[in-house]
2 protein chains.
Amino acid sequence: MSIYKGILENVAKYVQLTDDEIAQFTAILKPTRIKKRQFVVQPGFVSEYRNYIVEGAVRVFYVDALGKEHTIIIAIEDWFFTDFFSYIHQTPAEYYAEALEDSLILQMKYDDVEELCGKVHSLCQYFRLYTERSMSFSYKRTVSNIGKSSEERYWEFVDKYPQIASRVPQYVLASYLGISPESLSRIRSRS
Amino acid sequence: MSIYKGILENVAKYVQLTDDEIAQFTAILKPTRIKKRQFVVQPGFVSEYRNYIVEGAVRVFYVDALGKEHTIIIAIEDWFFTDFFSYIHQTPAEYYAEALEDSLILQMKYDDVEELCGKVHSLCQYFRLYTERSMSFSYKRTVSNIGKSSEERYWEFVDKYPQIASRVPQYVLASYLGISPESLSRIRSRS
DNA sequence: AAATACGCTTGACTTTTATCAAGACCTACC
DNA sequence: GGTAGGTCTTGATAAAAGTCAAGCGTATTT
């Protein structure tokens with residue numbers, strides 16, 4: 001079974017590529033194995049790649065002035081991750097991307113993606129549609145952040161992503177939800 | 001001066017359209033005047049349009065179970081707004097879009113945009129690139145929401161969007177930042 | 001111009017959440 | 001198999017933010 005199966009199925013949900021286009025696309029995908037705790041992106045270095053997870057889990061986080069970590073993205077199979085701002089603008093990253101488990105990812109270089117999107121209309125469509133959907137989900141998270149209590153945010157997350165909630169360390173989830181680890185522990189303990 | 005000037009300049013920042021493509025694009029833009037407090041989108045109705053603001057200001061907000069309002073988007077000239085989830089999925093909206101001032105907007109129907117993006121590669125590129133940039137900014141807001149105090153979020157906003165901060169009512173800004181109006185008032189008063 | 005509605009402020013109080021500190025548990029590794 | 005590191009929990013306390021309520025000033029309306 002090809003390691004491209006997942007990502008090609010993802011693409012197929014939005015657009016239909018010809019065999020030639022599939023070949024061009026997979027040609028820019030670089031399979032990479034990363035070990036738990038390994039960094040894929042680090043502050044100060046440009047996030048050159050848009051990364052797709054074939055197998056494993058990754059988080060993107062930043063460390064504030066007080067040394068506290070804040071998790072921006074938790075990604076598992078069939079998700080993309082990168083320091084999006086750094087990737088899009090090709091400027092030095094501010095965040096870390098760290099493997100939460102041994103993982104297999106597909107890396108696509110910014111320049112390659114841009115070149116291919118310039119040539120292949122369907123692929124451009126794919127990324128447009130995919131990003132628009134990501135955007136609509138991003139607003140949902142914002143709604144949660146500005147309008148809900150810590151407790152509500154936690155249970156909402158568990159409800160939406162039960163597999164992730166049980167798969168990542170609690171302190172990571174806490175930092176994703178904007179809650180201190182102690183408070184999250186208490187939220188869980190009161191039923 | 002054409003009312004399309006702003007949006008075409010916006011497009012031109014990302015891609016170059018031929019005269020014919022420009023004509024096709026402007027053909028799907030429906031100029032609409034809306035009065036202060038008028039709703040462009042309402043819960044229960046599909047948000048058919050992606051809206052571009054030529055002149056004026058609009059906010060997108062939702063009302064929670066307790067009747068409290070939470071502002072998801074504050075948009076002024078040269079910004080797009082809509083209930084993004086409703087628009088993308090063409091399902092009934094959950095949010096309101098309300099004019100904060102008398103405004104002039106350009107409305108483009110979902111179907112028209114999709115059809116044109118299917119035909120015109122450059123326009124597809126434009127929306128892809130624009131949305132990717134929006135996405136990278138959306139992450140910044142998330143970072144702010146999960147990692148910063150109310151006070152920090154307020155001053156960050158004032159620093160980033162001074163024109164908006166002085167243009168919209170304080171309670172709107174408070175609901176955008178996820179702060180109660182009273183707390184925002186106090187934050188401002190302590191210097 | 002008076003009446004009204006709205007937005008903002010301020011005070012007193014409550015609730016939520018963070019912080020600091022200690023300890024328990026577990027797992028991995030020498 | 002013991003030690004170390006990392007994770008989670010619990011308690012005591014502090015800080016941040018929300019709530020409720022009253023009042024003030026300024027637009028807006030009639």
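Naming: A, B, ... by sequence-line order, numbering from 1 per chain.
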Contact state string [nucleotides 7-20 of chain D, B base, S sugar-phosphate only, - no protein heavy atom under 4.0 Å]: SSBBBB----SBBB
Where do Q16(A) and S122(A) land on the side-chain contact (heavy atoms from CB on, under 4.5 Å) test, with the steps shown first? CA-CA 7 Å; Q16(A) 209 179 346; S122(A) 308; over 6 Å; no
Would you call [X] and [Y] a side-chain contact if the rule is heavy atoms closer than 4.5 Å?
X: T142(A); Y: R141(B); answer: yes
X: Y49(A); Y: V40(A); answer: no
X: V143(B); Y: I72(A); answer: yes

Taking the inter-plane angle between the rings of [X] and [Y] on a 0 to 90° scale, is it parallel (under 30°), tilted (30 to 60°) or perpendicular (over 60°)?
X: F137(B); Y: F85(A); answer: perpendicular
X: Y126(A); Y: F80(A); answer: tilted
X: F61(A); Y: Y96(A); answer: parallel

Identify each atom pair where a protein N or O and an N or O of nucleotides 3-5 of chain D are less than 3.5 Å apart, giving names and distance.
none

Atom CD of E69(A) and atom P of dA18(C): how far apart are they, to the nearest Å?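 These atoms are roughly 16 Å apart.
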Report the distance from atom CD1 of I146(B) to atom OG of S144(A), rounding to the nearest 0.5 Å.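 With rounding to 0.5 Å, CD1 (I146(B)) is 12.0 Å from OG (S144(A)).
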